[in-house]
Amino acid sequence: MASDPGKIVTRFAPSPTGELHIGGARTALYAWAFAKRHGGVFQLRFEDTDLARSSDASAQRMLEDLAWLGLMPENFGEGEPPPTQLADIPRQSKRHADGRYDAIVEQLKASGDAYDDGDAVRFRMGDHRGDVTFDDAVYGTVHTPAKDLEDFVIRKGEAGGYMPTFHLAVVVDDHDFGCTHVIRGQEHLSNTAKHAALCDALGWQRPVWAHTPSIMNPGGSKMSKRDKAKAVRNYLKQHPFEVKSGVWGGIALTKDEIEDFLSNKSDGLGQTQGLATEFGIELPEILVADFRKSGYLVEPLLNYVALLGWNPGDDQEKFGLDFMAAHFSLDRINKANSTFDRAKLAAFNQDAILAMPPEEWETKLHDHFRQHHPGFIEKLGDQFGVFAAAYQERSKTLSDPATLGRFFVKAPVEFNAKAVKKNLTKNEGQGLQTLSALKEILPGVEPWDAETIRATLERAWQDLGGPHMGQVAQPLRVALTGTAVSPEIDATLALLGKQETLDRIEKCLQRHEAANSA
RNA sequence: GGCCUUGUGGUGCAACGGCAGCACGCCGCCCUCUCAAGGCGGAGCUUGCGGGUUCGAGUCCCGCCAAGGUCACCA
């Protein structure tokens, strides 16, 4: 636990009351990068003084998310293997059991800096300590007059399990673990005077504090998990919805649970998730796990998030962890809150996808699809590589191919009216005539591969007197996909297979015959 | 409400007190079987508002406005 004097030690100290938030990921990144930049150590610990809301499952998931991000802590020496077991990571409930905080509380009571208040213990502020001033590495000197500082609880009463409060526990932990720099969210800035006062009372050297601005929604509200519940409520408000108990999206909910949810009394995860699945509501990504599931890659995600509040001082925008480790500095952290812009994140992600070697893209896509869209893997079989290649240039995320290419797995039910008119029915049904002609030509294509299909279609549009390939490609697209958009037409047919292609052409022609005679 | 902090094109960020620039997005053109990708070009900021200091202010000072944080036996 002892560390070299002068060595930089940073830490990330989330409370395990949920999953890792994207803002938390940025905080962890900054703390990690600062330690790396100065050859220091990045630590992890869990702040679980709120026993009721903390859980092992949550801590475990956070550890996994950090591992995915590549922000592994070294508790507590450089070069030590990263902790993978929860038991390896310090947490306040455990340290409390060892009596560390109680000892400090007794010490503060003995010195007259703290006193009993009911079954809780308060730390004396106000005139007892006087004004408090500290320097923040981002916000500068922060001065708080004594009259604005009230005594605060450092040990909770019976209801809180006699646990230390967060304020006492952070200060003790940061001291005990030798943290030299405390990098954390701006919401703690106003609390920091309390922490500084505690350090002073205990005769400990204060760490350097650096508070980071918040990440906001486009609307201006703070980006939080509640946004998901909000998205579901908004949807339900705009659509007819009957409040009753039942199974929603595979989750059983009582009428009361739904009512509380709708009236903002609860943001239950089950309700949000169940109702979203039931109605196909797209939830905004808030957690690291959300972005991962949506198919964002680690590097662009970290890159984008790093830029939301920090920049290297010039116009360079694209960089990775190595660059952060070499160039990150606290004095270039922004003071103003920033708005999360999904379009820019998507652009970063797309650039990363475009820059990938095709084999790597295929591997990553396959992994992602195995987890989230197994139907495609089953359907495409050994053609998956062709599918991956077709979508590398068209995807902003790993899940885009599933949306853009869903027709490969499922024949179109709805046909885009505009596409039908433009490519099939216009000019006395010219497109439909083209399809009829293709219906006769395509069965003879052998082998059914992209090159042969292409050669056949080239001949077809010339025989039909068309101006270019679009003559045959567009009617085919509409028949096969229900839209005017797909990858190159030869690849589209090859992936679909001969029988499926012919079936869909036939069905499309029948549809329009029926419509005509009606 | 008290206290603290922050305001630069739609968004994220630059700019020793000295010509307001970059990226994403948006629009147009080229390429092209569609969508992408790629190439070329364009619009958009009197730097939240009003004063002041200065030869000169996005930058320094004062006031106002707006936004965020905090004022818990949550962290």
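Naming: A, B, ... by sequence-line order, numbering from 1 per chain.
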In chain order, what residues pass the salt bridge (Lys or Arg N to Asp or Glu O under 4.0 Å) check against [X], with sequence neighbours excluded?
X        : result
A:Asp200 : A:Arg206
A:Lys335 : none
A:Lys422 : none
A:Asp48  : A:Arg91

Check your understanding: Reading nucleotides 33-39 of chain B 5' to 3', which nucleotides get B (base under 4.0 Å from a protein heavy atom), which S (sugar-phosphate only), which -?
Key -> BBBBS--
Review point. With the sugar-phosphate defined as primed atoms, P, OP1 and OP2, and the base as all remaining atoms, what B/S/- string results for nucleotides 69-75 of chain B, 5' to 3', for protein heavy atoms under 4.0 Å?
Key: BS--BBB
Exercise for review: Sticking with atom C1', work out how far B:C40 lies from B:C31, rounded to a whole angstrom.
Suggested key: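 After rounding to an integer number of Å, I get 11 Å for this pair.
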Review point. Rounding to the closest angstrom, what is the interatomic distance between B:C74 and B:A67 at atom P?
Key: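 Roughly 30 Å separates the two P atoms.
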Check your understanding: In dot-bracket form, how is RNA chain B paired, counting a Watson-Crick or G-U wobble pair only if both its distances are under 3.5 Å and using | for bases paired to another strand?
Key -> (((((((..((((....[..)))).(((((.......))))).....(((((..]....))))))))))))....
List the atom pairs, with distances to 0.1 Å, where a side-chain N or O of residues 456-465 of chain A and a protein N or O form a donor-acceptor pair under 3.5 Å, not counting sequence neighbours.
from: A:Thr456; atom 1: OG1; to: A:Thr452; atom 2: O; distance (Å): 2.7
from: A:Glu458; atom 1: OE1; to: A:Trp461; atom 2: NE1; distance (Å): 3.0

Point to revise | Which residues share a side chain to side chain contact (heavy atoms under 4.5 Å, CB included) with A:Ala484, sequence neighbours left out | key: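 Here the qualifying residues are A:Ala419, A:Asn423, A:Gln474.
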Review point. Residues in side chain to side chain contact (heavy atoms under 4.5 Å, CB included) with A:Ala355, at least two apart?
Key: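 Here no residue qualifies.
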Practice item. Return the set of residues passing side chain to side chain donor-acceptor pair (under 3.5 Å) with A:Ser399 (not counting sequence neighbours), or none when no residue passes. Key: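 Scan of A:Ser399 (side chain to side chain donor-acceptor pair (under 3.5 Å), adjacent residues dropped) gives A:Thr397.
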Between the protein and nucleotides 11-13 of chain B, list the N/O to N/O atom pairs that are separated by less than 3.5 angstrom.
from: B:G12; atom 1: OP1; to: A:Thr339; atom 2: N; distance (Å): 3.1
from: B:G12; atom 1: OP1; to: A:Thr339; atom 2: OG1; distance (Å): 3.0
from: B:G12; atom 1: O2'; to: A:Leu307; atom 2: O; distance (Å): 3.4
from: B:G12; atom 1: N2; to: A:Glu317; atom 2: OE2; distance (Å): 3.2
from: B:C13; atom 1: OP1; to: A:Gly309; atom 2: N; distance (Å): 2.5
from: B:C13; atom 1: O3'; to: A:Asn311; atom 2: ND2; distance (Å): 2.3

Check your understanding: Ring centres of A:Tyr30 and A:Trp310 under 6.0 Å apart?
Key -> no
